[in-house]
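Step one of this worksheet: look at the structure below.
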2 protein chains.
Amino acid sequence: MRELEILAQIENHHLFAPLNAEQRKSLLANSRVQQYQEDALIFNKNEATSAFFFILEGAVRLYFSAPDGKEKTVRIFEKGSSFAEALMFMARDSYPANAMAVMPSKLLVVNSHFYRKMISQHADLAVALLAKCCEHIHLLSQQIEMLSVLDARSRFVQYIRQQLPVNAGDGYRLYIPMPKKDLAQYLAIRPETLSRLIRQLENEEILQWQQQNYVVVQSLARLQE
Amino acid sequence: MRELEILAQIENHHLFAPLNAEQRKSLLANSRVQQYQEDALIFNKNEATSAFFFILEGAVRLYFSAPDGKEKTVRIFEKGSSFAEALMFMARDSYPANAMAVMPSKLLVVNSHFYRKMISQHADLAVALLAKCCEHIHLLSQQIEMLSVLDARSRFVQYIRQQLPVNAGDGYRLYIPMPKKDLAQYLAIRPETLSRLIRQLENEEILQWQQQNYVVVQSLARLQE
């Protein structure tokens, strides 16, 4: 695999994006690309840590072996993800689980001592990494909200549409016969999600939740969408 | 609001969890709790940054004012979230958007100069924060996978059930008349999500995707669940 290809794959990842060109180059000089066959072991639980990993191709399963001999999968990491980097920052000296390639895989094995040394020598880099991580956390949180609201939204909108009389038009005031808290329970969504969702619909000028439990439908057409 | 109550609210947040008791205490001494009425402005776009925020109660809307006078909401932050901390790490000197309380809200306003100074004086702290952020990123990514797979799973399982003949039993081999890539498109899910989902179902011993596009149903009962 050419260095340019690797650089293109890692450049948007939160652990690599804040590094400058020179830092990335020396990091790659302290890393290696390793191929794994399907079901090949990457590391064993309790093995000494010396690296963290970035998946260039394939997928990796993290798992424990239970006392009854069965395996318990903790997580499957896909192409473009890193794993074991939190251990590096925590200075854990052994891996807490086993890792195995789920399919033929290609990993970037990054020397974690080198990475940590780089951070300790460049205080600015640690702060830049924190900035990137916090941004990434916001992005992911937003995705989670979107995904959970999306599902809640279809249930809530469905409910409102069922309650509306056939001849209802824009501006119709619908009485909701229970407080928000109970409606959330009825729709099997969390009260905070319902509140967020109502704010979203109000923001989009589709409906308004008014006092005394009235919903004013502002755009029936967009409610039906 | 009592200090103990505030400490209890912030202790699991990734920006505060890695701080020791003494550091949290001095951070609170450099923070203030501020109440905002509904629709009260928290900061204006281009205002100089001096703090980041943690929502103790209420919710906050981040927005831009478009040239046509309309407001464009970037994001709504709920109780338990922080905002504007990435700006602090990036050393941005002004806020890039407006922030307004969506409802009566109580914020912990944290002096960002103090927080940054604390990090630069304790190199270990920056690394501990990175560890916590990376852990949090993994947790959130896992939630996103779960949420997107959940939805994809119901669509895929629905498809398989529709294709099965009425008299099919465990061990039935079903021919899928298109490659995985096209099936993913047909179900309107991403190919990677379909692959992850199939691995999940294989892992749970519900079905197996075999060569030449055959799906072997291992447990019809659990497929129907």
Side-chain angles (χ1 to χ4, degrees), chain A residues 14-15 18 52 59 61 63 71 73-92 102-103 116 119-120 123-148 150-151 192-193 195-196 199-200 202-204, chain B residues 14-15 18 52 59 61 63 71-92 102-103 116 119-120 123-148 150-151 192-193 195-196 199-200 203-204:
Chain A
H14 53 279
L15 292 176
F52 73 92
R61 188 165 67 91
Y63 67 98
E71 291 179 355
T73 298
V74 183
R75 176 114 190 262
I76 291 174
F77 294 101
E78 309 279 333
K79 180 179 168 172
S81 335
S82 60
F83 60 99
E85 79 282 5
L87 299 175
M88 164 180 72
F89 291 126
M90 291 188 278
R92 285 280 297 262
V102 174
M103 54 170 80
R116 276 207 59 166
I119 289 178
S120 60
D124 288 2
L125 184 55
V127 174
L129 281 163
L130 280 169
K132 185 70 187 174
C133 285
C134 286
E135 271 189 326
H136 196 49
I137 286 172
H138 280 304
L139 215 72
L140 295 174
S141 309
Q142 206 166 2
Q143 270 187 54
I144 290 174
E145 281 165 23
M146 212 191 55
L147 284 166
S148 46
L150 213 67
D151 182 40
E192 307 86 59
T193 306
S195 299
R196 180 183 296 143
R199 275 204 292 283
Q200 193 188 68
E202 287 181 339
N203 223 356
E204 296 173 21
Chain B
H14 53 276
L15 291 176
F52 73 92
R61 188 165 66 94
Y63 67 98
E71 291 179 355
K72 193 177 155 15
T73 298
V74 182
R75 175 112 190 263
I76 291 174
F77 294 101
E78 308 279 333
K79 179 179 168 173
S81 332
S82 61
F83 60 97
E85 79 283 5
L87 298 175
M88 163 180 71
F89 291 125
M90 291 188 280
R92 284 281 298 262
V102 174
M103 53 170 81
R116 277 208 59 166
I119 289 179
S120 62
D124 288 2
L125 184 56
V127 174
L129 281 163
L130 279 170
K132 185 71 186 172
C133 285
C134 286
E135 270 190 327
H136 196 50
I137 285 171
H138 280 303
L139 215 73
L140 295 174
S141 310
Q142 205 165 1
Q143 269 187 54
I144 290 174
E145 281 165 24
M146 214 191 53
L147 284 165
S148 47
L150 214 67
D151 183 40
E192 306 87 58
T193 306
S195 299
R196 181 183 296 143
R199 273 203 293 283
Q200 192 186 70
N203 223 358
E204 297 173 19

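On a predicted model such as this, the values are computed, not experimentally measured, just so you know. Residue numbers start from 1 in every chain, and the chains themselves are labelled A, B, ... in the order their sequence lines are given, proteins ahead of strands.
- In terms of heavy-atom pairs under 4.5 Å with chain A, the best-connected choice from Met90(B), Glu135(B), His136(B), Gln142(B) is Gln142(B).
- Interface residue Ile144(A): backbone and side-chain heavy atoms are both found under 4.5 Å from chain B.
- Between the SG atom of Cys134(B) and the CZ atom of Phe83(A) there is a distance of 14.0 Å, given to the nearest 0.5 Å.
- Only the side chain of Ile119(B) comes within contact range of chain A, with at least one heavy atom under 4.5 Å from a heavy atom of that chain.
- Only the side chain of Leu15(A) comes within contact range of chain B, with at least one heavy atom under 4.5 Å from a heavy atom of that chain.
- Proximity to chain B is absent for every atom of Ala91(A), based on heavy atoms less than 4.5 angstrom apart.
- Note that the CD1 atom of Ile76(B) and the CD atom of Gln200(A) stand 7.5 Å from one another [nearest 0.5 Å].
- Using a 4.5 Å cut-off on side-chain heavy atoms (C-beta onward), Asn203(A) and Arg61(B) make contact.
- If you measure heavy-atom distances from Met103(A) to chain B, the contacts under 4.5 Å come from the side chain alone.
- Contacts between Ala123(A) and chain B at a heavy-atom distance below 4.5 Å are absent for every atom of the residue.
- When all heavy atoms are compared, the tightest approach of Ala126(B) to Ala126(A) is CB-CB, 4.0 Å.
- For the options Pro18(A), Ala131(A), Ser141(A), heavy-atom pairs under 4.5 Å to chain B are most numerous at Ala131(A).
- For Ser195(A), no part lies under 4.5 angstrom from a heavy atom of chain B.
- Taking the ring centroids of Phe77(A) and His138(B), they lie under the 6.0 Å cut-off.
- Here salt bridge (charged side-chain N to carboxylate O under 4.0 Å, His left out) pairs that include residues 73-90 of chain A, with residues two or more places apart or in two chains, are Arg75(A)-Glu145(B), Glu78(A)-Arg196(B), Glu78(A)-Arg199(B).
- With chain A as partner, the option from Val127(B), Leu139(B), Ile137(B) having the largest number of non-hydrogen pairs under 4.5 angstrom is Ile137(B).
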